[in-house]
Amino acid sequence: MATTTNSHANEKTAAYTANDIALIVRAADFAARKHKDQRRKDPQQTPYINHPLGVARILTEEGNIFDPATIAAALLHDTVEDTKTTFDELTEHFGPEVMAIVEEVTDDKRATKAARKQAQIDKAPHKSHKAKLVKMADKLYNLRDLERATPLGWDRHRVREYFKWAQQVIAGLTGTNDALEQTLKEIIERNLAKK
Ligand SMILES: Nc1nc2c(ncn2[C@@H]2O[C@H](COP(=O)(O)OP(=O)(O)O)[C@@H](OP(=O)(O)OP(=O)(O)O)[C@H]2O)c(=O)[nH]1
Ligand SMILES: [Mn+2]
């Protein structure tokens with residue numbers, strides 16, 4: 001575990017502190033307030049906060065990841081990209097490590113959509129271990145969401161293109177977490193096998 005500051009950070013038996021629990025609850029509360037007026041693109045218009053909460057759950061329950069900074073960053077991962085939150089605010093409330101993970105998974109909204117999509121493919125292999133974990137869980141959540149319900153305005157072609165693009169991004173994230181990689185491989189193969 002060379003990439004974690006606490007060598008037990010991913011073990012369920014590690015001694016977590018009051019500060020660790022407080023950090024995670026603070027992140028969940030902050031994200032809920034920042035995303036409060038946003039909805040997902042599914043026909044039911046699910047509250048947006050379900051997504052960051054689900055990404056964090058994928059890390060704990062499927063990835064066996066319990067590093068507090070990684071879980072806090074998962075909860076906060078779309079706040080800068082999709083709300084008015086700044087990186088300075090994240091540093092102020094959550095410290096430089098959590099901010100830096102969120103920064104690594106935040107697209108540059110000044111770039112065109114095509115450039116952002118290509119940048120995710122190109123930059124994936126160079127991300128830190130913790131950022132790769134958050135990115136894998138983010139993709140897994142979104143692919144499951146696509147399998148469950150087609151976003152408003154999307155057709156089968158667009159769904160398929162998202163699966164193909166996600167496969168390319170994920171190719172650059174491998175060697176990070178076996179369980180998440182296996183689950184991603186299965187959902188992508190199952191969906192790209194569809195006509
Ligand atoms: N599958 C799915 N995605 C939804 C839904 N509602 C919102 N999204 C978000 O839409 C983004 C994917 O849609 P795109 O058309 O590719 O991207 P865009 O929003 O930037 O235009 C994801 O952003 P992201 O989390 O930042 O990830 P990504 O852009 O890295 O894929 C995902 O979280 C939904 O109902 N289903
Ligand atoms: Mn996301």
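Each residue takes its place number in the sequence, starting with 1. Just follow the structure's listing: the first ligand is 1, and inside any ligand the first atom is 1.
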Engineer: Is a side-chain donor-acceptor pair under 3.5 Å present for N142 with K139?
Structural biologist: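 No donor-acceptor contact under 3.5 Å links the two side chains.
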Engineer: Answer yes or no for K117: is there a heavy-atom contact with ligand 1 below 4.0 Å?
Structural biologist: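 Contact present.
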Engineer: Ion pair present between K123 and E104, side-chain N to carboxylate O less than 4.0 angstrom?
Structural biologist: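 So K123 does not pair with E104 through a salt bridge.
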Engineer: Is R116 close enough to touch ligand 1? Criterion: a residue heavy atom under 4.0 Å from a ligand atom.
Structural biologist: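 It does; at least one heavy atom falls under 4.0 Å.
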Engineer: Hey, which atoms in ligand 1 end up nearer than 4.0 Å to a heavy atom of E81?
Structural biologist: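 What qualifies from ligand 1 is 26 (O).
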Engineer: Any Lys/Arg nitrogen of D145 or R40 sitting under 4.0 Å from an Asp/Glu carboxylate oxygen of the other?
Structural biologist: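 Between R40 and D145 there is a salt bridge, with a charged N closer than 4.0 Å to a carboxylate O.
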Engineer: Using a cut-off of 2.8 Å, find all protein N, O or S atoms closer to the Mn ion (ligand 2) than that distance.
Structural biologist: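 N, O, S partners closer than 2.8 Å: H51 NE2, H77 NE2, D78 OD2, D138 OD1.
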Engineer: Could E62 and R144 be called an ion pair, given the rule that one side-chain N must be under 4.0 Å from one carboxylate O?
Structural biologist: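 Here E62 pairs with R144 in a salt bridge, since their nearest N and O are under 4.0 Å apart.
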Engineer: Mind checking whether R158 has an N or O less than 3.5 Å away from an N or O of ligand 1?
Structural biologist: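 Yes.
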Engineer: Does some side-chain heavy atom of L143 sit less than 4.5 Å from a side-chain heavy atom of N191?
Structural biologist: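 Side-chain contact under 4.5 Å: no.
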Engineer: Testing the 3.5 Å rule here: is there a donor-acceptor pair between the side chains of D42 and T46?
Structural biologist: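 Short answer, yes.
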Engineer: Applying the side chain to side chain contact (heavy atoms under 4.5 Å, CB included) test to P68, which of N19, I21, V98, L23 qualifies?
Structural biologist: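 Only match with P68 under side chain to side chain contact (heavy atoms under 4.5 Å, CB included): L23.
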Engineer: Distance to 0.1 Å, residue and atom name: give those for the protein heavy atom nearest to atom 30 (O) of ligand 1.
Structural biologist: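 Here the closest protein heavy atom is K139 NZ, 2.8 Å.
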Engineer: Do R57 and Y141 come close enough that some side-chain heavy atom pair is under 4.5 Å?
Structural biologist: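 A side-chain contact under 4.5 Å is absent here.
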Engineer: Given K117 and D122, is the salt bridge (charged side-chain N to carboxylate O under 4.0 Å, His left out) satisfied, shown in steps?
Structural biologist: CA-CA 9 Å; K117 295 280 167 190; D122 297 341; over 6 Å; no
Engineer: Looking at ligand 1, does Y141 have a heavy atom less than 4.0 Å from it?
Structural biologist: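 Contact check Y141 vs ligand 1: negative.
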Engineer: Determine whether the side chains of D82 and Y48 contain a donor N or O and an acceptor N or O closer than 3.5 Å.
Structural biologist: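 Their side chains do contain a donor-acceptor pair, which is all the 3.5 Å distance test asks for.
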Engineer: Relative to atom 2 (C) of ligand 1, which among R144, R40, K41 owns the nearest non-hydrogen atom?
Structural biologist: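 Residue with the shortest heavy-atom distance to the ligand atom: R40.
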Engineer: Nearest protein heavy atom to atom 21 (O) of ligand 1, by residue and atom, and its distance?
Structural biologist: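 Answer for atom 21 (O) of ligand 1: K113 NZ, 2.8 Å.
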Engineer: Just to be sure I read this right, does ligand 1 sit under 4.0 Å from the backbone of L143, its side chain, both, or neither, counting only heavy atoms?
Structural biologist: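 Neither part.
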Engineer: Of all the atoms in ligand 1, which lie at a distance below 4.0 Å from a heavy atom belonging to Y162?
Structural biologist: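 Every atom of ligand 1 under 4.0 Å from some heavy atom of Y162: 12 (C), 16 (O), 28 (P), 31 (O).
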Engineer: Of the backbone atoms (N, CA, C, O) and the side-chain heavy atoms from C-beta on, which set of T46 has a member under 4.0 Å from an atom of ligand 1: side chain, backbone, both, or neither?
Structural biologist: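 Answer for T46: neither.
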Engineer: Can you list the ligand 1 atoms lying under 4.0 Å from a non-hydrogen atom of Y48?
Structural biologist: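 Within the 4.0 Å cut-off of Y48, ligand 1 contributes 33 (O).
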Engineer: Can you confirm whether F30 sits close enough to L75 that some side-chain heavy atom of one is under 4.5 Å from a side-chain heavy atom of the other?
Structural biologist: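 A side-chain contact is absent here, since even the closest heavy-atom pair is not under 4.5 Å.
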Engineer: Do K135 and Q120 make a side-chain contact, defined as non-hydrogen atoms from C-beta onward lying under 4.5 Å apart?
Structural biologist: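 In short, these two side chains touch, coming nearer than 4.5 Å.
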Engineer: Please list the nearest protein heavy atom to atom 34 (C) of ligand 1 with its residue and the distance rounded to 0.1 Å.
Structural biologist: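 Among all protein heavy atoms, the one nearest atom 34 (C) of ligand 1 is D145 OD2, 3.6 Å.
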Engineer: As a check for students: among L146, D42, N142, identify the option with a heavy atom nearest to atom 24 (P) of ligand 1.
Structural biologist: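 Considering heavy atoms of L146, D42, N142, the nearest to atom 24 (P) of ligand 1 sits in N142.
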Engineer: Which of the atoms of ligand 1 are close to D138, meaning less than 4.0 Å from one of its heavy atoms?
Structural biologist: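 So the answer, numbered in order with elements, is 25 (O), 27 (O).
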Engineer: Checking side-chain polar atoms at under 3.5 Å, does H35 have a donor or acceptor matched by the opposite partner on D78?
Structural biologist: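 No donor-acceptor contact under 3.5 Å links the two side chains.
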Engineer: If we only count N/O pairs under 3.5 Å, is Q120 in contact with ligand 1?
Structural biologist: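 It does: an N or O of Q120 is found under 3.5 Å from an N or O of ligand 1.
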Engineer: Hey, does Q167 have a side-chain heavy atom less than 4.5 Å from the side chain of K185?
Structural biologist: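 A side-chain contact is absent here, since even the closest heavy-atom pair is not under 4.5 Å.
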